[in-house]
Peer 1: 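Questions regarding the structure given below will be posed in turn.
Residue numbers start at 1 and run along the sequence shown.
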Amino acid sequence: MMLAVWLRALRVNQWTKNAVVFAAWFFAVADASQAALARGWRPFLLVCAMAASFSLVSSAFYLLNDVSDYDADRLHPVKRKRPVAADLVSKIDAVRAALALFAAGLSYPCYLTMRHPDRAWGLAVLLLYTIMQCAYSGFLKRVPYVDVAVIAAGFVLRAVAGAAAMGVRISPWLLGCAFLLSLFLALCKRRHEKTLAEDSRAALKGYHPRVLDALILLAAVATVGVYACYTQAADTVARFGTRGLGATTVFVALGVGRYLFLVHRKGDVGRPEKILLTDRLLWLILTGYGLAALGAVLWR
């Protein structure tokens, strides 16, 4: 069915990456100083709409990247099965669909800006994300190490956009966590790709295996460390009224450790969204994190 083909071309399964948009909402709900702005259905729906905007725009770039990487993807043992590389979707149809997705994705931030001029930074963030992705698709994806930094920056912009949708602030500590965690995942993906098919991506030849392993470990430790600092920062304790959030650091460390285990056991870390959706132990860790965070806030 063509519908199934297009869903694969849009990489709907990778929309899970846009869950980062909900980070500001998740923490603002429990923040006494911002709870009034975050609680209720309306703020949640505003964030859902922003996540949908990022999903549409990111799918547009997936299509454009597939068109740009057509020849390279056909050399990759997995990517050659993508609809564009497999000629199931023509290049011109992919470009047309990408333009339509751009228009649809930008419509909500434009509407939000007209209704709430003070939240125009949500539109600005999405436009910045679009410009950054254009640069990435054009030439940055061919520059070793810079390419993963751009990917990580994209997750930071997602988190900022989620805050903009509700008009709340987001902690710089959380933005640091978002950057480091996404950098960790991107480096793991590059390691997997280099092992699997080095010729499938121009930047891969510039990655040294030992440097990659060192950076992966550094990013993992930094992610846990920065999150631990966030939970115990004076501003965080004052906003949430508890130091109990520190207990959630255990689950962050377990999650990062589990992913590192999968990296070295040659798990399919080339597709982080697949691991997040299918690995039962990671789901248990995420559930534990949610319960620990909820418990810390309720029993403060």
Side-chain angles (χ1 to χ4, degrees), residues 1-21 46-114 120 122-143 147 150-151 153-155 157-158 161-162 164-165 186 189 193 197 199-203 270-274 277:
M1 290 179 61
M2 281 305 296
L3 177 59
V5 171
W6 273 104
L7 289 177
R8 283 201 298 124
L10 298 179
R11 300 186 211 175
V12 174
N13 60 324
Q14 295 200 28
W15 287 0
T16 53
K17 295 177 181 178
N18 297 309
V20 179
V21 175
L46 290 174
V47 178
C48 286
M50 186 62 76
S53 293
F54 267 90
S55 296
L56 294 175
V57 172
S58 60
S59 285
F61 277 109
Y62 290 145
L63 289 172
L64 293 179
N65 279 328
D66 285 349
V67 171
S68 175
D69 297 339
Y70 177 81
D71 293 326
D73 285 352
R74 290 174 72 86
L75 300 174
H76 194 281
V78 176
K79 294 180 180 179
R80 66 185 181 187
K81 298 177 182 178
R82 288 176 176 174
V84 175
D87 292 323
L88 298 176
V89 172
S90 68
K91 293 181 182 180
I92 187 63
D93 285 343
V95 172
R96 288 171 178 167
L99 294 176
L101 289 169
F102 274 129
L106 290 171
S107 61
Y108 168 69
C110 289
Y111 169 77
L112 185 65
T113 299
M114 289 188 292
L123 175 60
V125 166
L126 191 54
L127 289 174
L128 178 59
Y129 174 82
T130 300
I131 294 171
M132 189 175 68
Q133 289 301 309
C134 287
Y136 176 83
S137 299
F139 63 95
L140 291 180
K141 66 181 179 182
R142 299 180 180 87
V143 184
D147 60 335
V150 172
I151 292 172
F155 282 88
L157 292 179
R158 286 175 170 92
K189 183 175 181 179
E193 290 175 336
D199 294 332
S200 65
R201 192 185 292 273
R271 298 174 61 190
E273 73 285 350
K274 180 180 178 181
L277 291 173

Peer 1: State whether Lys141 and Asp69 are salt-bridged, where the test is any N-O pair (Lys NZ or Arg NE/NH1/NH2 against Asp/Glu carboxylate O) under 4.0 Å.
Peer 2: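 Result for this pair is yes, salt bridge flagged.
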Peer 1: So does Leu56 get a backbone contact from the side chain of Ser59, meaning a donor-acceptor N/O pair under 3.5 Å?
Peer 2: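 The answer is no, because no donor-acceptor pair under 3.5 Å joins these two groups.
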Peer 1: Rounded to the nearest 0.5 Å, what separation is found between the OG1 atom of Thr130 and the CG atom of Leu157?
Peer 2: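 Going from the OG1 atom of Thr130 to the CG atom of Leu157 covers 10.0 Å.
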Peer 1: Of the non-hydrogen atoms in Ala97 and Leu63, which two are nearest, and what is the gap between them?
Peer 2: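 Closest pair (atom of Ala97, atom of Leu63, distance): CB-CD1, 3.8 Å.
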Peer 1: Return yes if some donor-acceptor pair links the side-chain N/O of Arg11 with the main-chain N/O of Leu7 below 3.5 Å, else return no.
Peer 2: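 The answer is no, because no donor-acceptor pair under 3.5 Å joins these two groups.
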Peer 1: Tell me, do Phe102 and Phe61 make a side-chain contact under 4.5 Å, heavy atoms counted?
Peer 2: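 Sidechains of Phe61 and Phe102: in contact.
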Peer 1: Which pair of heavy atoms, one from Val5 and one from Pro83, lies closest together, and at what distance?
Peer 2: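 Shortest heavy-atom separation between Val5 and Pro83 comes out as O-CG, 3.4 Å.
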Peer 1: Decide, yes or no, whether a salt bridge links Arg74 with Asp87 under the criterion of side-chain N to carboxylate O below 4.0 Å.
Peer 2: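 Looking at Asp87 together with Arg74, the answer is yes, because their closest N to O distance falls below 4.0 Å.
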Peer 1: How about Glu193 and Lys79: do any of their side-chain heavy atoms sit closer than 4.5 Å?
Peer 2: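 Of all side-chain heavy-atom pairs linking Lys79 with Glu193, at least one is under 4.5 Å.
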Peer 1: For a quick test of reading the model, state the closest non-hydrogen atom pair linking Tyr62 to Ala9 and the distance between them.
Peer 2: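 Looking at all heavy atoms of both residues, the shortest contact is CB-O, 4.3 Å.
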Peer 1: To the nearest 0.5 Å, tell me how far Arg8 CZ sits from Asn13 CG.
Peer 2: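 With rounding to 0.5 Å, CZ (Arg8) is 10.5 Å from CG (Asn13).
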Peer 1: I'd like to check Leu106 versus Ser53 (side-chain heavy atoms, cut-off strictly below 4.5 Å). Are they in contact?
Peer 2: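 A side-chain contact under 4.5 Å is absent here.
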Peer 1: Can you tell me how far the OH atom of Tyr70 sits from the CZ atom of Arg80, to the nearest 0.5 Å?
Peer 2: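 With rounding to 0.5 Å, OH (Tyr70) is 13.5 Å from CZ (Arg80).
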Peer 1: On a heavy-atom basis, which atom in Leu88 and which in Met2 lie closest, and how many Å separate them?
Peer 2: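 Where Leu88 meets Met2 most closely, the heavy atoms are O-CE, 4.1 Å.
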Peer 1: Strictly distance-based, threshold 3.5 Å: is any side-chain N or O of Ser68 a donor or acceptor partner for the main-chain N or O of Leu64?
Peer 2: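 Not at all, since once roles are kept as given, no pair shorter than 3.5 Å links the two residues.
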Peer 1: Quick one: does Ser137's side chain have a donor or acceptor within less than 3.5 Å of a partner on Cys134's backbone?
Peer 2: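 It does not hold such a pair.
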Peer 1: In sequence, state the C-alpha distance, the side-chain angles, and the governing distance for Asp93 and Ser90, and then conclude on side-chain hydrogen bond (donor to acceptor under 3.5 Å, both in side chains).
Peer 2: CA-CA 5 Å; Asp93 285 343; Ser90 68; 3.1 Å; yes
Peer 1: Measure across Leu140 and Asp147 and return the closest heavy-atom pair with its distance rounded to 0.1 Å.
Peer 2: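 Nearest heavy atoms, Leu140 then Asp147: O-CB, 3.6 Å.
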Peer 1: Got a second to check how far Phe54's CZ is from Met50's CE, nearest 0.5 Å?
Peer 2: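 Answer rounded to 0.5 Å: 7.0 Å.
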Peer 1: Set out, in order, the CA-CA distance, both residues' side-chain angles and the distance that settles ring-ring contact (aromatic ring centres under 6.0 Å, His included) for Phe155 and Tyr129, then state yes or no.
Peer 2: CA-CA 9 Å; Phe155 282 88; Tyr129 174 82; 9.0 Å; no
Peer 1: Is there side-chain contact between Asn18 and Arg158, with at least one heavy-atom pair below 4.5 Å?
Peer 2: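 With C-beta onward as the side chain, the pair touches.
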Peer 1: So how far is it from Gln14 CD to Ser55 OG, rounded to the nearest 0.5 Å?
Peer 2: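 Interatomic distance, Gln14 CD to Ser55 OG, rounded to 0.5 Å: 11.0 Å.
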Peer 1: Could you give the distance from CG (Leu101) to CZ (Arg96), rounded to the nearest 0.5 Å?
Peer 2: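 Output value for this atom pair is 14.5 Å.
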Peer 1: Search all heavy atoms of Tyr108 against all heavy atoms of Leu46 and return the closest pair with its distance.
Peer 2: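 Looking at all heavy atoms of both residues, the shortest contact is OH-O, 3.1 Å.
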